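A short worksheet on the structure shown next.
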Amino acid sequence: QVRLMESGGGSVQAGGSLRLSCAASEATYNTYHMGWFRQVPGKEREGVAVLDSGGWASEYADSVKGRFTISRDNAKNTLYLQMTSLKSEDTAMYYCAADREIWRRMTLSPTEYDDWGQGTQVTVSS
């Protein structure tokens, strides 16, 4: 099982930027689809951005397109989420996750992901 640990969350004003990091415990992570998800209390967890195992293809939620960028550094076993032009509605707990079933197309659906980190809080004030 891949162990994942997020960092980089914090409080920022609207219009600001943050970069989240997700460190994996082993290089096996480099072979999995990886994604960022977020959740606010009382709502379902939603997909934000996902990156395929090869790092070539990505998919974003409509609400973050043009503002967020997902990337990975396999040499460091780390996944990133660069967030710019942050809005108050981006406030949430952000999680990274790994999908070990790389034979299937990557997806923004949280139910398809196997391993999860503990999350990092992002708060955007207007």
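Keep in mind it's a predicted model, so treat the numbers as computed, not measured. Hydrogens, waters and symmetry mates play no part in the numbers below; they use all other heavy atoms, side chains included.
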Legend entry - Separation between CG of Leu86 and OG of Ser126, rounded to the nearest 0.5 Å: 12.5 Å
Legend entry - 4.5 Å side-chain heavy-atom contact, His33 and Val50: no
Legend entry - Shortest non-hydrogen contact between Gly8 and Leu18, atoms and distance: O-CD2, 3.8 Å
Legend entry - Glu101 atom CD: more than 12 heavy-atom contacts under 6.0 Å: yes
Inset, instruction - Using a 4.5 Å cut-off on heavy atoms from C-beta on, say whether the side chain of Met83 contacts that of Val12. - result: no
Inset, instruction - Report yes if some heavy atom in the side chain of Arg38 is under 4.5 Å from a heavy atom in the side chain of Val122; otherwise report no. - result: no
Inset, instruction - Please round to the nearest 0.5 Å and tell me the distance separating atom CD of Glu59 and atom OG1 of Thr107. - result: 6.5 Å
Inset, instruction - Show your working on side chain to side chain contact (heavy atoms under 4.5 Å, CB included) between Thr69 and Tyr60 and close with a plain yes or no. - result: CA-CA 8 Å; Thr69 303; Tyr60 295 88; 3.9 Å; yes
Legend entry - Separation of Ile102 CD1 from Met34 CE (nearest 0.5 Å): 12.5 Å
Inset, instruction - Start with the C-alpha gap between Asn74 and Arg72, add the side-chain angles, then the distance that decides, and say whether side chain to side chain contact (heavy atoms under 4.5 Å, CB included) holds. - result: CA-CA 6 Å; Asn74 287 349; Arg72 66 199 301 171; 3.3 Å; yes
Legend entry - Smallest separation among heavy atoms of Gly47 and Ala61, with atom names: O-CB, 3.4 Å
Inset, instruction - Quick one: closest heavy-atom pair of Ser58 and Leu51, and the distance? - result: CB-CD1, 3.9 Å
Inset, instruction - Compare every heavy atom of Leu81 with every heavy atom of Ala49, then report the nearest pair and how far apart it is. - result: CB-CD1, 4.1 Å
Legend entry - Sequence neighbours excluded - side chain to side chain donor-acceptor pair (under 3.5 Å) pairs with any residue from residues 77-87: Asn30-Asn77
Inset, instruction - List the steps, then state whether side chain to side chain contact (heavy atoms under 4.5 Å, CB included) holds for Arg104 with Asp99. - result: CA-CA 9 Å; Arg104 64 185 173 201; Asp99 176 5; 3.1 Å; yes
Legend entry - Close side-chain approach of Thr91 and Gln121, heavy atoms under 4.5 Å: yes
Legend entry - Close side-chain approach of Tyr32 and Asp114, heavy atoms under 4.5 Å: no
Inset, instruction - Could you tell me whether a side-chain N or O of Asp52 sits under 3.5 Å from a main-chain N or O of Met106, the two making a donor and an acceptor? - result: no
Legend entry - Selection residues 88-113 - residue pairs positive for ring-ring contact (aromatic ring centres under 6.0 Å, His included), sequence neighbours left out: Phe37-Tyr113
Inset, instruction - For Gly9 and Leu20, work out which heavy atoms get closest and say how close. - result: N-CD2, 3.6 Å
Inset, instruction - Quick one: which residue pairs count as a disulfide bond (SG atoms under 2.5 Å apart) with a foot in residues 80-126, not counting sequence neighbours? - result: Cys22-Cys96
Legend entry - Validation row: Trp36, Glu6 side chains within 4.5 angstrom (heavy atoms): yes
Legend entry - Chi angles and distances behind the side chain to side chain contact (heavy atoms under 4.5 Å, CB included) call for Asp115, Tyr29: CA-CA 10 Å; Asp115 305 309; Tyr29 127 96; over 6 Å; no
Legend entry - Thr120 and Ser7, any side-chain heavy atoms less than 4.5 Å apart: no
Inset, instruction - Could you tell me whether Met93 atom CE has more than 12 heavy atoms of other residues or ligands within 6.0 Å of it? - result: yes
